[in-house]
Amino acid sequence: MFETIIFSLLNGLVYGLLLFLLSSGLTLIFSMMGVLNLAHAGFYMLSAYFAYSISIHLGFWYGLLFAPLIVGFIGAMVERYGLRKVHKFGHVPELIFTFGVAFLLEELVQFVWGRNQLAYNKPEILEGSLFTLFGADFPIYKMFMLIVSVVIFIILLSVLKYTRTGLIIRAAVGHPNVVGMLGHNVPLIFMVTFGVGTALAGIAGAIAGPVLGTYPGMASGLGGIMFVVVIFGGLGSLGGAFIASLMIGLIQTFAIAIDASLSDVFLLMDIVITEQTFMYDIWVTSLSQVAPLIPYLMMVVMLIFRPAGLMGARES
Amino acid sequence: MLKVKDLHAFYGKSHILQGVSFEVGKGEIVSLLGRNGVGRSTTVNAIMGDVDRTGSIVFNGEEIAGLDAYQISRKGLAIVLENRSVFPALSVRENLILGVKDMRKVGRWKIEDMFEMFPSLARRADVPAGALSGGEQQMLVMCRALMGDPDLIMVDEPTEGLAPKVVEQVADLLTEIAKRGISILLIEQKLTIALKISARIYVMGHGRIVYQGTSSDFENNKQVRKDWLEV
Ligand SMILES: Nc1ncnc2c1ncn2[C@@H]1O[C@H](COP(=O)(O)OP(=O)(O)OP(=O)(O)O)[C@@H](O)[C@H]1O
Ligand SMILES: [Mg+2]
């Protein structure tokens with residue numbers, strides 16, 4: 001029991017911080033430009049593929065460094081030469097544009113790298129287990145993911161809080177036109193934010209690729225959860241996204257670890273469920289089986305009771 | 001200094017400004033009057049590039065009609081928006097700092113000057129601007145615009161909804177701004193203030209200028225007031 005809690009906690013933290021790495025860029029972009037970037041997870045995937053290709057020639061660390069930079073640059077160019085042009089036609093065309101980019105990225109990845117999962121591997125130095133507790137291993141790589149996420153998070157926060165650029169970005173969240181009228185180059189800020197946001201997704205992709213798998217479905221695999229995080233936390237709120245990421249990370253890993261079903265609860269009340277019982281399938285479905293549904297359920301409940309999300313500020 | 005000629009502005013398909021022309025000279029205070037909804041705010045927002053527009057806008061001898069808001073602002077044209085657009089989550093000090101375009105340049109106004117003029121802002125320097133009273137927020141956005149060291153400042157209804165004492169403070173600040181040689185284009189409902197501080201008056205009606213004249217000429221012209229201002 002105790003080791004289940006410890007390991008679920010750690011795994012939940014790793015997964016949650018990875019989600020935050022992904023969703024922070026998405027929420028930053030949304031709060032500033034009002035665009036829900038449907039291609040965000042696509043950039044995450046693209047970065048994993050780039051990191052793979054770079055890693056087989058130059059090694060893992062170069063992949064980790066360059067893939068997010070390249071993807072960030074591509075993101076900035078997509079904003080500069082695509083989104084900015086579409087912007088004047090309103091939000092719906094923007095949304096459709098990012099949807100198109102998402103589609104394009106998925107096709108591109110399959111065209112270049114094929115449909116199969118790639119052998120994007122961890123570097124040797126990060127193989128193996130960090131410690132063993134009650135006979136179970138905690139991999140070094142997960143600790144590495146944890147550290148990378150925390151470091152990025154601290155850097156992001158410090159830049160936002162302590163630099164002039166960060167101040168301008170915080171002001172531009174929700175009030176970009178006022179910031180522009182004060183003489184700050186808002187189009188440039190948009191482009192950089194978009195680039196940095198996609199680069200963050202790129203970092204997530206480069207570190208997640210070896211463990212979650214580098215395959216054409218990886219964008220849609222995590223993309224859905226990422227939107228849940230952003231909506232649950234409150235569109236446009238970094239703090240909300242952080243809490244929601246950790247919550248969803250933890251809840252999901254705990255749910256997977258707990259192999260109990262409603263029938264077990266009934267058993268405690270001396271009600272025995274058999275195959276003849278009405279709706280038998282529902283009662284014996286274990287929590288771990290429905291774990292993937294839980295985040296979506298959380299989102300629906302949140303939208304019903306608090307449409308703005310945990311910390312949502314932006315109304316429109 | 002600012003010469004607007006045949007300005008047309010559009011919100012989507014609605015054609016709001018239909019050929020607005022006026023001028024503001026160097027160091028001059030000019031008021032733009034008119035009933036609600038005639039397009040005064042649209043005029044200044046269009047000049048800043050925040051509304052789709054056509055026509056000619058010459059500032060300091062340079063055509064600025066094709067530029068982005070931030071480029072126009074950097075040429076020395078400032079705007080104080082109608083809705084007291086403080087950054088509510090940021091502190092008073094951060095709001096003021098954001099008014100500075102280039103940290104390396106020293107402008108006519110320093111943050112200390114602002115705090116000296118408005119001790120209430122100084123006292124609340126580290127409070128989120130959203131927590132200030134309406135009057136304090138109005139002072140803050142005006143001071144923030146001044147931090148950018150503009151040559152001309154367009155102020156949209158600064159006294160709307162403020163108590164008489166605060167209205168006076170706003171008027172004093174406007175006079176002080178003018179004293180330092182900065183031109184002002186003022187949009188104001190309260191005629192007494194507009195007349196007291198401005199040299200010339202423009203009156204708008206239905207998306208165009210319907211009257212222009214000196215303040216004293218305007219004061220003696222009851223007909224204009226009846227036709228275009230009184231409700
Ligand atoms: N964002 C907008 N979208 C569509 N129409 C607008 C918008 N803003 C203003 N209008 C319309 O443009 C016209 C002019 O509005 P404007 O705000 O310029 O008036 P105003 O003279 O400043 O009056 P007041 O500030 O008292 O409302 C009005 O008819 C208004 O309904
Ligand atoms: Mg107005």
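Numbers restart at 1 for each chain; the letters A, B, ... are given by sequence-line order, proteins then strands. Remember, it's a predicted structure, so these values are computed and weren't measured experimentally.
Looking at B:L98, both its backbone and its side chain come within 4.5 Å of chain A, counting heavy atoms on both sides. B:D68 touches chain A through its side chain: at least one heavy atom from C-beta onward sits under 4.5 Å away, while N, CA, C and O do not. Using a 4.5 Å cut-off between heavy atoms, B:V86 touches chain A through its backbone atoms (N, CA, C, O) alone.
More than 12 non-hydrogen atoms from other residues, nucleotides or ligands lie less than 6.0 angstrom from CD of B:Q18. By the neighbour-count criterion of 12 heavy atoms within 6.0 Å, atom CZ of B:F22 is densely surrounded, having more than that number from other residues, nucleotides or ligands. For A:H87, the NE2 atom counts as loosely surrounded, since its 6.0 Å shell holds 12 or fewer non-hydrogen atoms of other residues, nucleotides or ligands. Within a 6.0 Å radius of CZ in A:F73, no more than 12 heavy atoms belonging to other residues, nucleotides or ligands are found. With a 6.0 Å radius and a threshold of 12 heavy atoms from other residues, nucleotides or ligands, B:Y11 has its OH atom above the threshold.
Expressed to the nearest 0.5 Å, how far NE2 of A:H184 lies from OG of B:S73 amounts to 7.5 Å. For the atom pair CG (B:N45) and CG (A:N177), the distance works out to 8.5 Å, reported to the nearest 0.5 Å.
For the pair B:S85/A:M181, no side-chain contact is recorded, criterion being any heavy-atom separation below 4.5 Å from C-beta on. With contacts defined as side-chain heavy-atom distances shorter than 4.5 Å, the pair B:Y70/A:L188 does not qualify.
For chain B, the option among A:V186, A:L167, A:I168 with the highest count of heavy-atom pairs below 4.5 Å is A:L167. No other option in B:R144, B:K75, B:Q71 has as many heavy-atom pairs under 4.5 Å with chain A as B:R144.
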Stepwise side chain to side chain contact (heavy atoms under 4.5 Å, CB included) check, B:M147 with A:L182: CA-CA 9 Å; B:M147 293 293 290; A:L182 291 173; over 6 Å; no
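In terms of heavy-atom proximity, B:L90 sits nearest to A:R170 at CD2-NH1, 3.7 Å. Across all non-hydrogen atoms, the minimal contact from A:G183 to B:K101 is CA-CG, 4.0 Å.
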